[in-house]
S.K.: 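Have a look at this one before I ask anything.
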Amino acid sequence: MGRGVVVGLGGVFLASAVVRRRWADVAALAPLATRLRESAWLSPLPSAEVVQAAIIALGGLPGRLVGQPGALAAARAWGRALGVSVGEGEGPLVALLGTNAVEATIDEAVAAGKRVGVACGAEGGEAVEPPPGGVWIEDPWAGEGTRGVLGAGVLVAAGLSGVDVRAALVGAEAMREACQAPITENPAWSLARALRGLAQESRIDVIAHVAGEPALAAFAAWAARAQATMLAAPSPAHPARPLPIHLLEGDQEWMHAVGQGRDRVLLVWETGTGPLPRATHDGGLIRLRVQLPGLDAEALGGAFFLWLRALEFLAALEDRGR
């Protein structure tokens with residue numbers, strides 16, 4: 001996939017003979033994979049042209065982003081990795097509808113003469129009338145901290161802060177294509193199958209998301225939050241999944257505490273070029289590594305899409321609704 005995200009599963013195969021033996025047995029997954037191949041849960045991605053038009057209409061200056069905490073955390077994951085402050089400017093307001101507090105903030109911004117971008121889904125298929133002098137940003141994921149990371153509302157706020165939105169969507173679209181591949185060549189299925197196999201065969205069911213470098217700390221926090229949100233639904237066949245945690249790889253105290261358990265797997269998000277040590281294992285814990293090709297918008301777009309798709313597959317494997 002060129003500059004694609006690389007999923008490293010060596011830790012699974014070294015540590016779990018059962019998972020290794022069963023890895024090639026994918027026949028039973030074929031019907032599920034076929035059904036999920038047609039899934040519209042992550043479709044459609046926003047249009048770069050629509051996002052750019054909203055950025056221009058709002059004046060192109062860094063502005064303030066308001067919404068529910070999960071959506072704001074998604075925006076911070078973009079900003080921290082790219083070294084910009086998303087949604088913390090003094091310019092226009094981008095409002096992700098979903099809470100009463102957001103609507104009150106819109107009224108205050110309009111009264112103060114600021115331009116306002118209102119992000120939400122269409123009401124009954126009809127366009128939404130924005131505030132005077134504002135713009136409507138069509139975004140059915142605006143109130144979410146999961147898919148919202150790739151939603152038009154967050155991307156408009158990110159674009160106002162200088163993020164290359166077109167590159168971000170190129171990365172997400174490239175990963176979408178990769179995640180349409182057959183199971184044995186599919187990075188999202190590989191992640192989902194590894195995590196499911198460890199939980200099912202080895203009783204290793206707690207995921208610690210590790211930021212392999214400081215710039216990815218907000219990304220790891222978002223990944224843990226998205227996992228908790230998507231896998232919280234009860235399953236008729238499996239107990240509730242333990243809540244994930246997140247930490248920075250250089251945090252020795254946290255790493256020591258995590259290492260006291262044997263039911264945990266470390267999912268490390270990294271570029272492989274960060275300043276932190278890259279230990280192959282700590283206290284016998286299994287590590288999965290997801291290596292981004294760099295810290296840029298295209299790489300992040302691919303990584304966000306990869307984890308969301310992997311969570312969709314994992315939820316299906318565990319028979320958890322969304």
S.K.: Taking C-beta and beyond as the side chain, do Leu300 and Asp296 meet within less than 4.5 Å on heavy atoms?
M.R.: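 Result no, sub-4.5 Å side-chain heavy-atom pair not found.
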S.K.: If you take all heavy atoms of Pro187 and Ala178, which pair is closest and at what distance?
M.R.: CD-O, 3.6 Å
S.K.: Testing the basics here: between Pro46 and Leu155, what is the closest heavy-atom pair and its distance to 0.1 Å?
M.R.: CG-CD1, 4.1 Å
S.K.: With distance as the sole test, does Asn186 use its side chain to make a donor-acceptor pair with the main-chain N or O of Cys179 at under 3.5 Å?
M.R.: yes
S.K.: Does Asp319 use its side chain to pair, donor to acceptor, with the backbone of Ser235 at less than 3.5 Å?
M.R.: no
S.K.: Examine Val12 and Ile204 and state if one hydrophobic cluster contains both, with Ile, Leu, Val, Met, Phe, Trp and Tyr joined whenever side-chain heavy atoms are less than 4.5 Å apart.
M.R.: yes
S.K.: Cluster question for you: counting only ILVMFWY and a side-chain heavy-atom cut-off of under 4.5 Å, with indirect links fine, are Val94 and Val50 together?
M.R.: no
S.K.: Taking Leu306 as the starting point, is it possible to reach Val6 by hopping between hydrophobic residues whose side chains are less than 4.5 Å apart?
M.R.: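 Per the 4.5 Å side-chain linkage, Val6 and Leu306 are not co-clustered.
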S.K.: From Leu42 CG over to Leu150 CG, what is the distance, rounded to the nearest 0.5 angstrom?
M.R.: 7.5 Å
S.K.: About how many Å separate CD of Gln200 and CZ of Arg193, when rounded to the nearest 0.5 Å?
M.R.: 12.0 Å
S.K.: Who pairs with Phe313 by ring pair (Phe, Tyr, Trp, His ring centres under 6.0 Å), at least two apart in sequence or on another chain?
M.R.: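 Listed in chain order: Trp189.
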S.K.: In plain terms, say whether Arg287 and Glu249 are close enough for a salt bridge, that is, a side-chain N and a carboxylate O under 4.0 Å apart.
M.R.: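 Here Arg287 pairs with Glu249 in a salt bridge, since their nearest N and O are under 4.0 Å apart.
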S.K.: I would like to know whether Val149 and Leu308 meet side chain to side chain contact (heavy atoms under 4.5 Å, CB included); could you show each step before the answer?
M.R.: CA-CA 10 Å; Val149 73; Leu308 287 172; 4.2 Å; yes
S.K.: Measure the shortest side-chain to side-chain distance between Ile286 and Leu266 over non-hydrogen atoms and say whether it is less than 4.5 angstrom.
M.R.: no
S.K.: Are Val84 and Val165 linked, directly or through other ILVMFWY residues, by side chains that come within less than 4.5 angstrom of each other?
M.R.: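 Yes, it is one cluster - the side chains of Val84 and Val165 are joined through contacts under 4.5 Å.
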S.K.: Check Ser161 against Gly87 and note the closest heavy-atom contact, atom names and distance.
M.R.: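 Answer, listing the atom of Ser161 first, then Gly87: OG-N, 3.7 Å.
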S.K.: Going by heavy atoms in the side chains, are Pro92 and Val116 under 4.5 Å from each other?
M.R.: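 No - every pair of side-chain heavy atoms lies 4.5 Å or more apart.
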S.K.: Do Glu253 and Asp251 touch side chain to side chain, with heavy atoms closer than 4.5 Å?
M.R.: yes
S.K.: Side chain to side chain contact (heavy atoms under 4.5 Å, CB included) between Val258 and Leu285: does it pass, once the steps are laid out?
M.R.: CA-CA 9 Å; Val258 171; Leu285 294 179; 3.8 Å; yes
S.K.: Can you see which heavy atom on Arg80 is nearest to which on Ala217, and at what distance?
M.R.: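 The answer is NH1-CB, 3.9 Å.
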S.K.: Shortest non-hydrogen contact from Ala316 to Leu32?
M.R.: CB-CD1, 3.9 Å
S.K.: Side-chain contact test, heavy atoms from C-beta onward, threshold under 4.5 Å: evaluate it for Leu295 versus Glu213 and give yes or no.
M.R.: yes
S.K.: In the structure I gave you, are the side-chain heavy atoms of Trp254 and Leu248 within less than 4.5 Å of one another anywhere?
M.R.: no
S.K.: Answer yes if the side chains of Arg176 and Ser43 hold a donor-acceptor pair under 3.5 Å, and no otherwise.
M.R.: yes
S.K.: First locate atom CH2 of Trp141, then atom OG1 of Thr146, and finally report the distance between them rounded to the nearest 0.5 Å.
M.R.: 9.0 Å
S.K.: Is the closest side-chain heavy-atom distance between Asp205 and Leu198 below 4.5 Å?
M.R.: no
S.K.: Output yes when Arg166 and Glu49 qualify as a salt bridge under the 4.0 Å nitrogen-oxygen rule, no when they do not.
M.R.: yes
S.K.: Given Leu29, which partner from the list Ile183, Leu36, Thr34 fulfils the side-chain contact (heavy atoms from CB on, under 4.5 Å) test?
M.R.: Ile183
S.K.: Whether Glu90 and Arg64 form a salt bridge (side-chain N of Lys/Arg under 4.0 Å from carboxylate O of Asp/Glu) is what I want to check.
M.R.: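 Judged by the 4.0 Å cut-off on N to carboxylate O distance, Arg64 and Glu90 do not form a salt bridge.
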S.K.: Among Leu96, Leu93, Leu160, Val156, which residue meets the side-chain contact (heavy atoms from CB on, under 4.5 Å) test with Leu65?
M.R.: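 When side-chain contact (heavy atoms from CB on, under 4.5 Å) is applied between Leu65 and each of Leu96, Leu93, Leu160, Val156, only Leu96 qualifies.
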S.K.: Can you name the nearest heavy-atom pair linking Val154 to Ala71, along with the distance?
M.R.: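 Closest heavy-atom pair between Val154 and Ala71: CG2-O, 4.1 Å.
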S.K.: Would you please test Val290 and Leu267 for side chain to side chain contact (heavy atoms under 4.5 Å, CB included) and show each step?
M.R.: CA-CA 7 Å; Val290 181; Leu267 181 51; 3.8 Å; yes
S.K.: For residues 130-138, please give each side-chain donor-acceptor pair under 3.5 Å, one per line with the distance, not counting sequence neighbours.
M.R.:
residue : atom : partner : partner atom : Å
Trp136  : NE1  : Cys120  : O            : 3.3

S.K.: For Gln291 and Thr271, does a side-chain donor sit closer than 3.5 Å to a side-chain acceptor?
M.R.: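 Not at all, the side chains of Gln291 and Thr271 share no donor-acceptor pair under 3.5 Å.
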S.K.: Are Trp307 and Val170 connected in the hydrophobic side-chain network, where two residues link if heavy atoms are under 4.5 Å apart?
M.R.: no
S.K.: State the CH2-CG distance between Trp269 and Leu288, to the nearest 0.5 angstrom.
M.R.: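 It is 10.0 Å, given to the nearest 0.5 Å.
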S.K.: To the nearest 0.5 angstrom, please state how far the CE atom of Met175 sits from the CG atom of Leu45.
M.R.: 12.0 Å
S.K.: Which pairs, with at least one residue in residues 62-101 and sequence neighbours excluded, count as a ring-ring contact (aromatic ring centres under 6.0 Å, His included)?
M.R.: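 Listed by first then second residue: Trp78-Phe304.
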S.K.: Begin with the C-alpha distance, continue with both residues' side-chain angles, and end with the deciding distance and a verdict on side chain to side chain contact (heavy atoms under 4.5 Å, CB included) for Ile207 and Leu195.
M.R.: CA-CA 9 Å; Ile207 299 178; Leu195 294 173; 3.7 Å; yes
S.K.: In Å, rounded to the nearest 0.5 Å, how long is the span from CD of Glu312 to CZ of Arg320?
M.R.: 15.5 Å
S.K.: Quick check on side-chain hydrogen bond (donor to acceptor under 3.5 Å, both in side chains): which of His246, Arg225, Gln227 does His209 satisfy it with?
M.R.: Gln227
S.K.: Can you find a heavy atom in the side chain of Val206 that is under 4.5 Å from one in the side chain of Pro244?
M.R.: no
S.K.: Are Arg76 and Trp222 in a cation-pi contact, defined as NZ or CZ under 6.0 Å from the six-membered ring centre and within 45° of the axis?
M.R.: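 No.
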S.K.: Other residues, nucleotides and ligands only: do more than 12 of their heavy atoms fall within 6.0 Å of CZ on Arg264?
M.R.: yes
